[in-house]
Each structure stands twice: as structure tokens, then as C-alpha cells.
2 protein chains.
Amino acid sequence: MEDQLQLLRQHFEEIVSLTDEEWNFVQSHFEFKSLKKHQFLIQLGQPVDFEYWIIKGLVKAYSIDEKGKEHILQFAMENYWVSDHYAFQHQEPGTIFVDCLEDSEFFCLSLENREKICFEVPAVANFFRIKSNHGYINLQQRILSLLTMTAESRYEYLLNKLPKLIQRVPKKLIASYLGVSRETLSRFNS
Amino acid sequence: MEDQLQLLRQHFEEIVSLTDEEWNFVQSHFEFKSLKKHQFLIQLGQPVDFEYWIIKGLVKAYSIDEKGKEHILQFAMENYWVSDHYAFQHQEPGTIFVDCLEDSEFFCLSLENREKICFEVPAVANFFRIKSNHGYINLQQRILSLLTMTAESRYEYLLNKLPKLIQRVPKKLIASYLGVSRETLSRFNS
DNA sequence: AGTTAAAAGTGACCTAAATCACTTTTCAAT
DNA sequence: ATTGAAAAGTGATTTAGGTCACTTTTAACT
């Protein structure tokens with residue numbers, strides 16, 4: 001556990017500096033969680049008590065439409081944060097599913113604890129500010145790609161941007177992330 | 001000018017509390033800017049020195065594809081923040097255009113000043129953290145809507161969510177925001 | 001190792017929405 | 001008020017990608 005906490009500290013310190021004292025305070029607000037492949041981190045309609053930092057593993061966040069079709073909002077792996085941010089922030093029942101594509105481990109942060117460490121340790125507020133800003137920028141890019149690019153070039157772009165992800169994830173899920181049918185993706189390129 | 005700064009203070013204080021002293025420090029890091037309809041706030045390839053809080057007016061942020069087609073990333077009006085966040089954050093040349101759909105006024109915050117007030121005044125770091133988080137959540141919603149909904153239901157959804165916006169913006173721009181052609185949008189609904 | 005299930009590929013056909021071309025309406029600027 | 005330019009509407013046609021049905025390949029789990 002010490003090792004994993006060390007990883008989390010490094011993750012913070014890539015962006016802000018923390019004293020040992022601050023870090024001790026911060027780390028005490030996280031809980032550990034471990035799940036096997038196919039288990040759910042978040043389910044539609046269920047409370048969303050945490051946001052999760054992924055120590056190891058891989059998850060998908062998705063919603064299911066009326067026709068039962070899955071639409072992938074996000075893949076998240078080591079070093080990523082994941083949650084149903086909307087439900088978490090508003091403390092409402094889950095609006096999406098998050099489940100594990102591989103056995104995974106998480107550090108869990110409750111809303112109360114997040115606000116506590118942010119208001120207690122300014123560096124942490126800045127950490128989440130900057131992270132959140134990066135996330136925002138990434139989503140803007142993705143929106144632009146959905147508006148401006150064809151399905152095929154979105155695929156090429158993703159292959160280029162996250163080649164390791166593609167190897168860990170079935171193509172039908174990549175298709176669902178790109179907003180294309182499995183069959184159409186299969187007819188692309190290479 | 002005092003009036004407008006008061007509005008900005010209120011905007012901060014909707015989320016965090018600031019002492020008069022803190023506020024005086026914070027406000028001194030903003031510059032005022034005023035533009036007429038059709039003028040550019042940000043242009044492709046030009047430096048992006050600021051992010052902007054809109055005092056009054058309305059702008060569109062968009063990119064133009066190879067075929068010269070415009071794709072709208074964001075509309076922003078009173079009380080909204082707008083920039084080319086990617087270029088601003090990385091201090092690189094603009095990747096998009098932002099121009100005014102109406103005469104508009106802005107408070108401008110440079111990256112240096114933003115970081116300064118965030119690290120000097122923790123409440124400000126928390127303000128931007130929370131704002132950024134809300135922005136992230138909104139973009140996730142928009143991505144889901146692009147993945148799961150038909151063009152027509154995205155339109156209905158927007159009509160419902162931002163009715164006043166639709167009245168201030170030509171439909172062809174709404175179409176471009178929704179990722180639908182002008183002609184197709186025109187054939188919808190009502 | 002053998003069995004079962006999931007993933008991926010592929011052809012035939014269908015459909016939502018794009019594109020093109022033109023008209024009508026609305027708005028903005030003298 | 002008049003003129004010119006955007007904006008909006010509409011028909012005809014095209015197209016990217018979806019859907020359905022089936023086969024082949026790969027991987028997961030006793």
C-alpha cells in the first residue's frame with residue numbers, strides 16, 4: 001500500500017509540490033479499492049460516493065441508450081481519474097456505468113474529503129484546478145473531432161494518440177467510443 | 001468600470017468568499033476590453049494572451065475545416081468564460097477563432113496573472129477548480145449527446161436548455177454547434 | 001487441451017443526413 | 001424607406017455510415 005500511495009503522491013507532485021506534512025494529511029483522505037474484471041465501479045441509479053484514481057487496471061465509462069446500445073464516454077487506465085462526475089458533484093444517483101475491463105485498483109476520494117483537502121491545502125486545490133483544466137481541454141478536442149472529422153480519421157487520430165489503449169481494448173469498444181458501428185470500424189484502413 | 005468589476009466579484013462569490021483585501025488584489029490582475037460585433041477576440045495562428053470573462057455580449061468559438069466549413073465549439077455570453085484554452089494553456093498560437101456576434105465587453109486574465117492569483121489566494125484556486133469541473137461535466141454531457149442522440153433530439157434538448165441563446169443566434173450557427181447541416185436543421189420540428 | 005463465448009470480418013441492403021441548387025424571408029445599413 | 005446581404009426554407013439527389021445476417025477468428029474459462 002505504501003508503494004501505491006507513493007505513486008499517488010508522485011501524481012500530485014507532477015503538478016504541485018507538497019510537504020510531507022501536507023501529504024500525510026492528504027493521503028489519509030483516500031480509501032483503497034480493488035475490483036476484478038467485469039465488476040462495476042459505478043452503476044446507473046446507484047449512489048456515486050467517490051471519484052477514483054486508478055492505481056492499475058483499465059475501466060470504461062459508458063451509458064446505454066433506449067435500444068440497449070452502449071456509448072463510451074471515457075476509457076481510463078493507470079494514473080487517470082474517473083467517476084460519474086455529474087452525479088458525484090451533485091450527489092445524485094449514477095447516470096452512467098463504469099466497469100472494469102481488467103482487474104483494477106483504485107484510490108477513492110469522497111466529495112467531502114475532496115473539498116476538505118482542497119480548502120485545507122491550497123496546492124491540492126491548484127492540482128485539481130489544473131487537472132480539471134487539462135480534462136476540459138481534452139474534451140473540447142474530442143468534441144471538435146466529433147464535429148469536424150469523419151469516423152475514419154477519428155480512428156486514425158486515436159490510433160496515433162493512444163496506441164497502447166487500442167491494444168488493451170476490443171475494437172467494438174473503440175467503435176463505440178468513436179461513435180461508429182463495429183462493422184464500419186472493421187472496414188476501415190489497414 | 002466599478003459596476004462591471006462588481007459583477008465579476010459577484011461571479012466569484014457565487015462560489016467562494018473573498019475578503020475586500022483579496023478582491024482588490026484579484027481585480028487588479030484583470031484588463032478591460034471592448035469589441036464590436038464581427039470583431040475577433042482570438043484568431044487562428046495568433047497569440048492567445050488571455051482568457052476572457054464576458055461582461056456583456058455574445059461570442060462564438062469555432063474552427064474552420066479544410067472545406068471552409070465552420071464548426072462551433074462554444075457559444076459564450078454574459079458571465080461565461082471563453083478562450084482558446086488549449087493555446088492559452090500551452091502558450092501556443094491560436095487553434096480556433098473567437099468572434100463577437102454582438103458588441104461585447106470582457107475582463108481579460110493572462111496566464112501569468114491567473115496562476116499568480118490562484119497561488120496567492122486559495123479561494124481563487126478553488127473558484128477556478130470548481131468552475132473548471134463544471135465545465136468538464138458540461139462537455140461530457142455534450143459528448144454523450146453527440147454519441148447517443150439524433151440531430152433532431154439534440155436540437156430539442158438545446159431549445160430546452162438554452163432557449164434565450166437560440167433567440168440571439170442565427171439557426172445556421174446552431175446547426176453548426178449541433179453538428180448538423182443548416183438545411184437539415186431547417187427541416188426539423190415545429 | 002477442449003469447449004464456449006466473445007470479437008472481428010464481410011456482403012447486401014437501408015436510412016439519416018449531407019450536398020447542391022434555387023427561392024423566399026428577414027435583417028441591417030445607408 | 002430602400003437596397004443589399006445574410007438567413008431560412010425547400011426540393012432533388014447523393015453518400016457515409018448503420019443495420020442485419022452470417023462466417024471466421026481469437027480469447028477466456030473451466
Side-chain angles (χ1 to χ4, degrees), chain A residues 35-39 57-60 62 64-72 75 97 99-104 144-159 163 165-190, chain B residues 35-40 57-60 62-72 75 97 99-104 145-159 165-190:
Chain A
L35 289 178
K36 297 276 174 209
K37 187 169 173 173
H38 295 133
Q39 291 187 308
L58 176 60
V59 306
K60 65 176 201 276
Y62 59 102
I64 294 185
D65 67 22
E66 325 79 59
K67 289 170 192 154
K69 212 167 110 185
E70 192 174 298
H71 301 273
I72 296 192
F75 293 109
F97 297 91
D99 67 28
C100 300
L101 298 173
E102 302 173 1
D103 296 352
S104 306
L144 266 186
S145 81
L146 286 167
L147 292 178
T148 65
M149 298 162 92
T150 63
E152 184 157 16
S153 50
R154 289 203 296 280
Y155 182 48
E156 281 162 17
Y157 178 74
L158 188 69
L159 274 176
L165 181 75
I166 277 105
Q167 278 146 20
R168 288 167 77 176
V169 173
K171 288 229 180 83
K172 70 162 189 173
L173 296 183
I174 302 289
S176 155
Y177 175 86
L178 293 172
V180 184
S181 75
R182 220 202 78 227
E183 294 92 331
T184 297
L185 186 94
S186 161
R187 282 182 246 261
F188 289 159
N189 90 303
S190 42
Chain B
L35 289 178
K36 297 275 173 209
K37 187 169 171 171
H38 295 131
Q39 291 187 308
F40 284 94
L58 177 61
V59 305
K60 65 176 199 277
Y62 59 102
S63 83
I64 294 187
D65 67 22
E66 327 79 58
K67 289 170 192 154
K69 213 168 111 184
E70 191 174 301
H71 301 273
I72 295 191
F75 292 110
F97 296 91
D99 67 27
C100 300
L101 298 172
E102 302 174 0
D103 297 351
S104 305
S145 81
L146 286 167
L147 292 177
T148 64
M149 298 163 90
T150 64
E152 182 156 18
S153 50
R154 289 204 297 279
Y155 182 48
E156 280 161 18
Y157 178 74
L158 188 69
L159 274 176
L165 181 76
I166 277 105
Q167 279 146 18
R168 286 167 76 175
V169 173
K171 288 228 179 86
K172 69 162 190 173
L173 296 183
I174 301 290
S176 156
Y177 175 87
L178 293 171
V180 184
S181 74
R182 219 203 79 225
E183 295 92 330
T184 298
L185 185 92
S186 161
R187 284 182 245 262
F188 288 159
N189 89 305
S190 41

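Labels below follow one simple rule: chain letters A, B, ... track the order of the sequence lines, proteins then strands, and each chain is numbered from 1. Everything numeric here is computed off the predicted structure, so don't read it as measured data.
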> Could you tell me if His38(B) and Asp99(B) have a donor-acceptor pair between their side chains, going purely by distance under 3.5 Å?
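Judged by distance alone, the side chains do not pair up.
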> Can you see if the side chain of Lys171(A) gets near the phosphate of dA8(C) - specifically, an N or O under 4.0 Å from OP1 or OP2?
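Checking Lys171(A) against dA8(C): no side-chain N or O falls below 4.0 Å of OP1 or OP2.
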> Could you give the angle between the helix axes at the two ends of the helix from dA1(C)-dT30(D) to dT30(C)-dA1(D), with five pairs per end, rounded to 10 degrees?
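The value is 70°.
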> Roughly how far, to the nearest 0.5 Å, is CZ of Phe188(A) from OG1 of Thr150(A)?
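Between Thr150(A) OG1 and Phe188(A) CZ, I get 6.5 Å after rounding to 0.5 Å.
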> Verify side chain to side chain contact (heavy atoms under 4.5 Å, CB included) between Leu101(B) and Lys37(B), making sure each step is shown before the conclusion.
CA-CA 5 Å; Leu101(B) 298 172; Lys37(B) 187 169 171 171; 5.9 Å; no
> When you compare the protein's N or O atoms with those of nucleotides 26-28 of chain D, which come within less than 3.5 Å of each other, and at what distance?
none

> Just jot down the side chain to side chain contact (heavy atoms under 4.5 Å, CB included) partners of Ser176(A), sequence neighbours excluded, or say none.
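Here the qualifying residues are Ile72(A).
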> Nearest whole Å is fine: how far is dT10(C) P from Lys172(A) NZ?
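Between P of dT10(C) and NZ of Lys172(A): 19 Å.
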> Tell me, with the steps shown, if Asp103(B) and Gln39(B) meet side chain to side chain contact (heavy atoms under 4.5 Å, CB included).
CA-CA 9 Å; Asp103(B) 297 351; Gln39(B) 291 187 308; over 6 Å; no
> Could you state the interatomic distance from CG (Leu58(A)) to CG (Leu165(A)), rounded to the nearest 0.5 Å?
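Those atoms lie 6.5 Å apart.
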> Roughly how many Å is it from CD in Glu70(A) to P in dA7(C), rounded to a whole number?
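So the CD-P distance, Glu70(A) to dA7(C), works out to 10 Å.
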> If you apply the rule side chain to side chain contact (heavy atoms under 4.5 Å, CB included), what do you find for Tyr62(A) with Lys69(A), and how did you get there?
CA-CA 10 Å; Tyr62(A) 59 102; Lys69(A) 212 167 110 185; over 6 Å; no
> Rounded to the nearest Å, what distance is computed from the CG atom of residue Leu185(B) to the P atom of nucleotide dA8(D)?
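Result: 9 Å.
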> In whole angstroms, how far is the P atom of dA28(C) from the CZ atom of Arg168(B)?
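The answer, rounded to whole Å, is 13 Å.
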> Hey, can you tell me if Phe97(B) and Phe40(B) have their rings parallel, tilted or perpendicular (30° and 60° cut-offs)?
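Aromatic pair Phe97(B)/Phe40(B) classed tilted.
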> Can you tell me how far the OG atom of Ser186(A) sits from the NZ atom of Lys172(A), to the nearest 0.5 Å?
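With rounding to 0.5 Å, OG (Ser186(A)) is 13.5 Å from NZ (Lys172(A)).
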> At what distance, to the nearest 0.5 angstrom, does CG of Leu35(A) lie from CD of Glu102(A)?
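Reported value, rounded in 0.5 Å steps: 13.0 Å.
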> Applying ring-ring contact (aromatic ring centres under 6.0 Å, His included), name anything that partners Phe75(A), two or more places apart in sequence or on another chain.
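Partners of Phe75(A) by the ring-ring contact (aromatic ring centres under 6.0 Å, His included) criterion, ordered by chain and then number, come out as Tyr177(A).
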> Got a list of protein N/O to nucleotides 19-23 of chain D N/O distances below 3.5 Å?
{"residue": "dT19(D)", "atom": "O4", "partner": "Arg187(A)", "partner atom": "NH2", "Å": "3.2"}
{"residue": "dC20(D)", "atom": "N4", "partner": "Glu183(A)", "partner atom": "OE2", "Å": "3.4"}

> Whole angstroms only, please: what is the CG-C1' distance between Leu147(B) and dA16(C)?
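Between C1' of dA16(C) and CG of Leu147(B): 17 Å.
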> Quick one: pull up NZ in Lys171(A) and CG in Leu173(A) and give me the separation to the nearest 0.5 Å.
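Those atoms lie 12.0 Å apart.
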> Polar atoms only, N or O, under 3.5 Å: list the protein pairs with nucleotides 14-16 of chain D and their distances.
none

> Does the pair Leu178(B) and Leu147(A) meet the rule for a side chain to side chain contact (heavy atoms under 4.5 Å, CB included), with working shown?
CA-CA 8 Å; Leu178(B) 293 171; Leu147(A) 292 178; over 6 Å; no
> Whole-Å distance between dC27(C) P and Gln167(B) CD?
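One finds 12 Å between P of dC27(C) and CD of Gln167(B), rounded.
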> Taking atom C1' of dG18(D) as reference, at what distance in whole Å does atom CG of Leu178(A) sit?
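Whole-Å distance recorded here is 15 Å.
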> Roughly how far, to the nearest 0.5 Å, is CG of Leu185(B) from CD1 of Ile174(B)?
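Interatomic distance, Ile174(B) CD1 to Leu185(B) CG, rounded to 0.5 Å: 8.0 Å.
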> Between C1' on dA28(C) and NZ on Lys36(B), what's the gap in Å once rounded to a whole number?
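It is 15 Å, rounded to the nearest whole Å.
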